[in-house]
Amino acid sequence: MNTKKALTELNNIMDLYEGVLRKKLPVKPKKIDFSQEKVKEKAKDTAVKKEERHVHSTLNTIPEDFSQMSLEKLGAYVNSCTRCSLCSQRTHAVFGEGCAIHPKVMVIGEGPGEKEDLTGRPFVGPAGEYLDKWLKAIGLSRETNTYIANVVKCRPPQNRDPEMGEKEACKVFLYQQIALIMPTAILCVGKPASTLLTGLEDSTMASLRGKLFLFDSSIPVICTYHPAAVLRNMELKRPVWEDLKRLSSIINPQIRG
């Protein structure tokens with residue numbers, strides 16, 4: 001089933017479901033003041049444009065030693081990196097994998113888990129399998145048009161969120177990956193990646209998703225919940241799907257959800 005057909009069918013199902021709810025829970029029609037609605041819509045458009053103007057520029061701050069590295073050399077450096085204490089417990093550093101030449105999407109997570117640490121590959125555990133399903137639903141895959149990486153390249157103890165110092169030590173690698181790969185768009189999954197790529201470190205995940213940001217003045221960034229969080233709370237599945245549809249409309253503008 002192609003992406004456009006899948007999106008259309010899902011929207012039809014949602015419309016049908018909403019119709020059933022309306023029949024069961026009749027609501028008295030509300031008189032709409034169209035003048036007020038127009039004002040609200042204009043305010044909403046202004047807010048969206050303001051969000052899109054939130055540009056987090058960092059690529060021009062990459063130290064020269066790293067900015068001159070190819071992706072292969074950068075990966076080799078990461079494999080022997082000792083810039084933070086996470087290196088002392090790693091089995092493998094997890095640099096990234098997938099389409100490395102102008103992919104449609106670069107997915108950025110927070111850090112490797114146990115299976116990722118053992119294999120040296122990103123997102124290969126249950127959350128990774130779930131992520132692959134998300135990507136497939138909008139015509140993406142790590143084999144053909146998607147690159148996958150993490151904020152930190154070594155596993156934090158007990159899979160905790162990366163600490164500020166660990167992110168600071170490792171982010172130069174991520175920024176150089178972005179500069180070399182030049183994805184059409186970025187999908188941040190989880191708060192650590194979302195706050196780093198937007199520069200809004202004090203924001204909640206709920207406040208970041210559903211919006212459009214720009215990284216380095218030109219790369220659209222969509223933030224959503226981490227697959228592991230959705231596996232723990234399936235109520236997050238619907239907002240994630242809305243975020244994925246928005247991502248799809250960016251990378252495939254001819255397809256509208």
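Side-chain atoms are counted along with the backbone in the values below, which use heavy atoms only and exclude waters and symmetry mates.
Of the residues listed (Lys171, Lys167, Lys191), the one engaging Glu201 in a salt bridge (Lys or Arg N to Asp or Glu O under 4.0 Å) is Lys167, and it is the only one. Among Arg155, Arg160, Arg90, Arg83, the single residue meeting the salt bridge (Lys or Arg N to Asp or Glu O under 4.0 Å) criterion with Glu166 is Arg160.
Between the Glu116 side chain and the Pro122 main chain, no donor and acceptor come within less than 3.5 Å of each other. The closest donor-acceptor contact from the side chain of Glu114 to the backbone of Gly125 lies at 3.5 Å or more, if one exists at all. Listed for the Arg142 side chain is no donor-acceptor partner under 3.5 Å among the backbone atoms of Ile148. A distance-only check finds no donor-acceptor pair linking the side chain of Asp216 to the backbone of Ala179 [under 3.5 Å].
Side-chain heavy atoms closer than 4.5 Å link hydrophobic residues (I, L, V, M, F, W, Y) into clusters, and following such links, even through other members, never connects Val189 to Val94. Cluster membership check: Leu131 shares its hydrophobic cluster with Met234, using side-chain heavy-atom separations under 4.5 Å among Ile, Leu, Val, Met, Phe, Trp and Tyr. There is no path of hydrophobic side-chain contacts, each under 4.5 Å, that joins Met164 to Val151. Val240 and Val107 fall within the same hydrophobic cluster, where Ile, Leu, Val, Met, Phe, Trp and Tyr residues are linked whenever their side-chain heavy atoms come under 4.5 Å apart, directly or through other members. Under a hydrophobic-cluster definition in which Ile, Leu, Val, Met, Phe, Trp and Tyr are linked whenever side-chain heavy atoms come within less than 4.5 Å, directly or via other members, Val221 and Trp134 are assigned to the same cluster.
Residues Thr184 and Lys104 share a closest heavy-atom pair of CB-O, 3.2 Å. Of all heavy-atom pairs between Met205 and Gly190, the closest is SD-C, 3.5 Å. Contact between Ala127 and Pro227 at its shortest, heavy atoms only, is O-CB, 3.4 Å. Nearest heavy-atom pair across Ala193 and Gly109 is CB-O, 3.7 Å. Residues Gln68 and Gln176 come closest through the heavy atom pair N-NE2, 4.5 Å. Contact record, Asn159 with Gly113: OD1-CA, 3.5 Å, taken as the closest heavy-atom pair.
Side-chain contact between Leu74 and Phe95: present, with at least one pair of heavy atoms (C-beta onward) separated by less than 4.5 Å. Contact annotation: the side chain of Leu140 approaches that of Ile251 to within less than 4.5 Å [non-hydrogen atoms, C-beta and beyond]. The shortest side-chain heavy-atom distance between Ile250 and Leu212 falls under the 4.5 Å cut-off. You'll find the side chain of Pro157 reaches within 4.5 Å of the side chain of Leu86, heavy atoms only. Side-chain contact between Tyr225 and Asn233 is absent, with no heavy-atom pair separated by less than 4.5 Å. Within the 4.5 Å cutoff, the side chain of Val105 has no heavy atoms near those of the Ile138 side chain. Contact of the Cys81 side chain with the Phe173 side chain is registered, since non-hydrogen atoms from C-beta on lie closer than 4.5 Å. Using a 4.5 Å cut-off on side-chain heavy atoms (C-beta onward), Ile178 and Leu197 make contact.
With values rounded to the nearest 0.5 angstrom, Asp243 atom CG is found 8.5 Å from Cys223 atom SG. One distance of note links CD1 of Ile108 with SG of Cys188; it measures 5.0 Å at 0.5 Å rounding. Atom-to-atom distance recorded for Ile219:CD1 and Met182:CE is 4.5 Å, nearest 0.5 angstrom. Here the straight-line distance linking atom CG of Asn150 with atom CD of Glu110 works out to 7.5 Å at 0.5 Å rounding. Here OG1 of Thr91 is found 5.0 Å from CG of Leu118. Values are rounded to the nearest 0.5 Å. For the atom pair NE2 (His102) and CG (Leu180), the distance works out to 10.5 Å, reported to the nearest 0.5 Å.
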Stepwise side-chain contact (heavy atoms from CB on, under 4.5 Å) check, Leu244 with Ile222: CA-CA 8 Å; Leu244 291 176; Ile222 295 292; over 6 Å; no

Apply side-chain contact (heavy atoms from CB on, under 4.5 Å) to the pair Lys153 and Asn79, showing each step before the final yes or no.
-> CA-CA 9 Å; Lys153 310 305 185 186; Asn79 286 334; over 6 Å; no

Apply the test side-chain contact (heavy atoms from CB on, under 4.5 Å) to residues Phe213 and Leu208: give CA-CA distance (whole Å), side-chain angles for both, the deciding distance (0.1 Å), then the verdict.
CA-CA 9 Å; Phe213 299 91; Leu208 292 172; 4.0 Å; yes

*After noting the C-alpha distance and the side-chain angles of Arg238 and Glu242, does the key distance pass the salt bridge (Lys or Arg N to Asp or Glu O under 4.0 Å) rule?*
CA-CA 6 Å; Arg238 179 64 180 269; Glu242 293 299 323; 3.4 Å; yes

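When ring centroids are compared, His226 and Phe123 come within the 6.0 Å threshold.
The closest side-chain donor-acceptor pair between Thr204 and Ser207 falls under 3.5 angstrom.
Between Tyr77 and Phe66, the ring planes are perpendicular. Angles over 60° get that label, and only those under 30° would be called parallel.
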